[in-house]
Amino acid sequence: MSRAGLVRTAIVVAAVAALELAARGGLLRAGVAVPPSEVAAKLWSILRAGDANADLVETLGNVALACGLALVAGFSLGAVVHGLPRLRRALDPFLASYYALPFFAFYPVLIVVLGIGRLPIVAIGFMFAVVAMMVATLNGFDRIPRALPRTARVWRMGPVRTALKIKLPSAAPHLFTGIKLAVAYAFIGVIAAEFIMATSGLGYAIAYAFNNYDNRTMYALMLLLLGIVVVVNGVLHGAEQRLLARRRAR
Amino acid sequence: MTVRPLARPAAATAPHEIHARLAEVTRTYGAVGGRGGVHALGPVDIALRRGEFYSVIGPSGCGKSTLLDVLSGLSRPSAGAITFEGRPVDGAVPDGVGVVFQEDASFPWMTVRDNIGFGLRENGVDAAEIGRRVDAALALMGLRDFAAAHPPQLSGGMRQRVCIARTLVMQPRLILLDEPFGALDAQTRLIMGDELLRVWRETGATVMLITHALDEAAMLSDRIGVMSARPGRILAEIETGWPRERDSRIAADPGFGAVTSRLWGLLREESLRAIGAQAPAGADHA
Amino acid sequence: MTVRPLARPAAATAPHEIHARLAEVTRTYGAVGGRGGVHALGPVDIALRRGEFYSVIGPSGCGKSTLLDVLSGLSRPSAGAITFEGRPVDGAVPDGVGVVFQEDASFPWMTVRDNIGFGLRENGVDAAEIGRRVDAALALMGLRDFAAAHPPQLSGGMRQRVCIARTLVMQPRLILLDEPFGALDAQTRLIMGDELLRVWRETGATVMLITHALDEAAMLSDRIGVMSARPGRILAEIETGWPRERDSRIAADPGFGAVTSRLWGLLREESLRAIGAQAPAGADHA
Amino acid sequence: MPTRLLDTLLVLAVGLLAWQGVHWLAPDAVTSPAGTVARAAEMLASPRFWPHAGETAWAFALSLVFAIGGGLAIGLPLGLHRFSAEVGEPILVSLYSLPKITLYPVILLVFGLGLSAKVAFGTIHGLVPVAIFAMNGVLALPPVYARAARALRLSRWRTLAAVLAPAAVPEIVTGVRIGFSVTLLGVFIGEMFSSQRGLGFLLMNAIGLHDVPTMLAIILMVGAFAVTANAALLALEHRLHHRPA
Amino acid sequence: GEKVTVTHWGQLMYGAPYAVAIEKGFYKELGLDIDGVLTSRGGGTTMRNVMASDLPYGEVALPAAIAAANQGIDLAIVHTGVGTAGEILWVTPNASPIKSIADLAGKKVAFTSPKSVTEMLLIMVTDKHRIKVDGVAAGGIGQGVTLMQQGGVVATPIMDPVWARFEDKLKPVFWTKDELPAIVQTVGVTTRAFAKDNPDKLRKLIAARRKAVAFIYANPEEAAAIVATAYDLDKAVARRAVERLVALRYWSDGAFDQAAMDNMAKGLQIVGEISGPVDWSKLVDGSFL
Ligand SMILES: Nc1ncnc2c1ncn2[C@@H]1O[C@H](COP(=O)(O)OP(=O)(O)OP(=O)(O)O)[C@@H](O)[C@H]1O
Ligand SMILES: Nc1ncnc2c1ncn2[C@@H]1O[C@H](COP(=O)(O)OP(=O)(O)OP(=O)(O)O)[C@@H](O)[C@H]1O
Ligand SMILES: [Mg+2]
Ligand SMILES: [Mg+2]
């Protein structure tokens, strides 16, 4: 591990230890803070008993679906809008303030359109993620060096081949930023929708545990979620590094 | 080991056979609707002789890149005619023309080898032939040890060599280079210039080099077109009279000083005129 | 209107009075713990005479910027001693030394006028005096009409003039310039070079100019230090013998060709040696 | 630029048309644009609305101050110290992608109910992006600025205050703009759970009462506010990033 | 002034007595300075709000109080709030062929959320009629209506005042009051510490509420107007809702009904919320009534 990695690990470990001590020493209000060790133990027992499996599978499925749709739609929209500079300029102010909208409020509307169940949840995750991907695609296409498509013209390549074989790989690093954001946003959207509105899923399970004063389960599920987010981030980060490794100077 | 030549040997050329020509070419940008746009270039007349090494120098923004664009067919002139090998060039890059851009146009996601072979693959050349031509170009450009590397791992000079190699494997008969060494330091330019001279000699292609480095133009060219400030016109064409077998050591030739000082003279006036607005009178009586 | 001089007039100088000196200076980067780092520079010996215009040329990465860094006091040498006006330079920029960097260091959030006056304000010079000096610098650099503009509204050349002006108002007795015209085209460099010569004449300061453009060095300098590839050492110091009153027209002088071809000769070998590894044998028997 | 304004209006018109279309498809579940605007106007005219709007605005303003202040306090020092940035960045990024809604229970447990919880919730939303942008903004500063400051013999403190801080302003403003949006979202969500005043509370109430016109009117008002404020910040950002006239 | 906490204030009618008590000055008469109501969307959140607020007293759902007690929270139930779930009804669109509970067999029927009171009631009613329905968690009352309008379910639970707004579009399938015995929905809770330190204040809080309940039953029209203002409701809607709830004797004066409490505990066992009977003696403290 790098030196920075070691220091980071040390910081995290110290923070957890401090929390443990504070909780055990009664520094924090009982019922508010549960020692991390007990949370981990609770999570272990939940996982072993499989109590959270259904919710977990459902949430991960929702996120995957929302994210997959957002990536495809975001890239396509971005690519199309990039080719239409007037539309793009007109859209700019809306794209920039998009994330201030309280999407959850659309939930009742979404039920109308999509029915009850997972689809409105997925739709909220999708709405969260798609614009991030779209903006990243626009950025990526903006930063394609002018000389690259021109080179394609010198070789007399058609527009579709140019888009696929030149523009897409050239914009790849930015697209990857979009993918990372889209995954994070899909998570945020799906969990929030489950938390506020839904009747199943990990977000709901956390809200449910909260409502039932079951802090131990609540923290355990939050820990589970945190673990998933960190692992997913790590995997994406690793994939990005591999993708970019060859593109970086020595 | 012998390396195959990269271009078909030039046919025994009649002296001063015209290979490409710009006749009364002008280019105006963005004259949409009634509003007049930027008059970037011309009118310009240039007749490139087959097999010659022609350089274009001129102040920044005078229309050099625009000249290259219209000559290569990447954009259409606003007026005037362009011919290459007798046929009109009209909005598409003709077969037999290769372009090396000022910016680094190598593809960072491909190895050097794939970069060089990419154009050939896109144009349906068969794999064996691609392999042969790419190997030859790798050797010619001194890139053999870096065939499996990716461009970002190379120095700026080597990336520019990849772009040149990528153009050469297409066996162009006319090579257009737009300040290809602009990003390099003077010493590396020197080396690259010598390599370019060798390629030119060995392939027999016609070369048009756009540069802002006077000594580079003086050292490499058979003829140098000196352009005015925007809208760029050809102020003068200077014949160097160097032998075909030459390299940068020509700079030690007494004639070299004569050529460069003529160029300096021409450009000094032109630059002062172009920059005039930016260096107001106040600067003079300080 | 007369413009006040920007620097105190040089004291009547004894011939060849030494103004700044590097003695056996080396610089190694990142030799942390036991591992050896990059030996970037030296050992180098240079004695700058008061009031002379000294240029340094050398291949890319040879340690030119490192040389400037240690001489200016921006970083400490690994070994050797540096003196400026007889006092040791040690990890801080001494009063009387001005630096112009290769990169554009103008502050985009300030007007040109505020940029130029910034150093004076920070050093507690009184407002009236700042106004006088800044006005003089604006005039000298031909920036009077742009005093209220912000740097991003200016061309690259004009931004570099802002940086030079910002240094000049501090009335440095030694001005160090690190490829200040690197981003400009040859013609603009020409103009800027003439302006630099005028400033140098009028302020009487000692100038050290780092450049990779041979003709620039040949045209501007009293003396030129030619550096080897990394770790940079001084291969030779060439005296041009130009008169103090000169400008770029010196390029028409027959002596100019002699100076440049000497420089070319020295650098050609050095560049080939430095680049050797990158241009393997294969390139030769193509 | 008139064509640009026209295009934006055109996009807006298309959006409204789509909305009207959904209304025709499902009149019960989606109020028409006209109906929504009418309801919004009615609410704006009602004196009962303003204490709610004021509560949200106050909570939002406080959150924004804490988010920006805290974000800068964390981001700037990290940006100045490359190693700390290397250590801290992955932690910040993980926090950013953590669904913060799950922290709401903890916020409630710690801050109790009411303004402080809302503000805390808004703050944790906005703080991280501001910190990330501030950090990257400082990290990406051209090293030549610091060198120029040394060459002009500035002290460390003056280098920071007079050179590095202003140089990082455009990036910081970008971060503030992003932080603005998510802080608003955070405050709003906070109000949706546990609160007795504020627009989020009104929205949750409307959802509970199945009062569709009020629901959409609130979203419309918040959306309009967000777009307007963001457009202003965006204009500022453009000015700072391109700094020419 | 101080604030009491009431679940679903502004949405459901549990809060009517508090609105009246504040408006008519019943708190003031007893020397209490209550000028506002804290709330949340119900369940444990309201419960937590009670515990966290400056005045740890409020009316919460009985299941939330039981859950909190089971987690070791030191609370006391000091009075009954709403002693019936009779106001809850399942509705279907006017045009629907569904007429009775029997018609629901095998169909999709909504409840609000898993383990909620509505799920419990639905199970109890369908068990009673020995039919099976396909329960769907809609996420809330409003969502259930939307879902039904889209054909996702044939019937959905509703209650006043939402019901009063939809009366002309929807028709009842069954009312809980016709099917099940009384079930305590909400109770007044406080912390043991507060009860011990401020017994008089607690008594006054309960007394003021009791007076307000009596006022509602005596002056339904005026009470409806007060609620309409406090909840920002349409006057007619509020009047209809209050009238109906008055007829049902919806608001308890606070006294405990052991059987109605046990009914809730039974229901909670049915949906799996608790595993055994509740030991009320540990929870309930009737000494402040
Ligand atoms: N697409 C365009 N639209 C409008 N004006 C343009 C466009 N491209 C170039 N110009 C203008 O035309 C003039 C000539 O541009 P061109 O790029 O050909 O100059 P150049 O000589 O290649 O300059 P440089 O030496 O800086 O590369 C410039 O004034 C430029 O601003
Ligand atoms: N901070 C540093 N850490 C490690 N190595 C360095 C550092 N700065 C420079 N070097 C190395 O020291 C050598 C000399 O660098 P320097 O920047 O002085 O060269 P230069 O002659 O100015 O090059 P150029 O002409 O490209 O500006 C180079 O090999 C460079 O990679
Ligand atoms: Mg150009
Ligand atoms: Mg350098």
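Sequence lines set the chain letters: A, B, ... in the order given, protein chains first and strands last, and positions in each chain run from 1. All values below come from the heavy atoms of this structure, side chains included, with hydrogens, waters and symmetry mates left out.
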Are any non-hydrogen side-chain atoms of A:Glu58 and A:Tyr204 less than 4.5 angstrom apart?
-> no
Interface moiety of D:Phe225 toward chain A, non-hydrogen atoms closer than 4.5 Å | neither
Heavy-atom pair count under 4.5 Å with chain D, highest-scoring of A:Ile228, A:Val232, A:Leu226 = A:Leu226
Decide yes or no on side-chain contact (heavy atoms from CB on, under 4.5 Å) for D:Leu92 and D:Leu78, but give the supporting numbers first.
-> CA-CA 11 Å; D:Leu92 286 178; D:Leu78 285 184; 4.0 Å; yes
Under 4.5 Å from any heavy atom of chain D - which part of A:Leu181 = side chain
Heavy-atom contact with chain D under 4.5 Å, split by part of A:Ile11 | side chain
Assess whether side-chain contact (heavy atoms from CB on, under 4.5 Å) is satisfied between A:Glu38 and A:Arg24, documenting all intermediate values.
-> CA-CA 10 Å; A:Glu38 287 180 29; A:Arg24 289 207 183 279; 3.6 Å; yes
A:Tyr98 and A:Phe128: aromatic ring centres closer than 6.0 Å?
-> no
Does atom CZ of D:Phe66 have more than 12 heavy-atom neighbours from other groups under 6.0 Å away?
-> no
Looking at D:Gly200, D:Ala231, D:Ser181, which has the largest count of heavy-atom pairs under 4.5 Å with chain A?
-> D:Ser181
Which bit of A:Ile206 comes within less than 4.5 Å of chain D, counting heavy atoms only: side chain, backbone, both or neither?
-> side chain
Pick from D:Leu184, D:Thr228, D:Val11: which one has the most heavy-atom pairs with chain A under 4.5 Å?
-> D:Val11
Atom CZ of A:Arg216 with >12 non-hydrogen neighbours under 6.0 angstrom | no
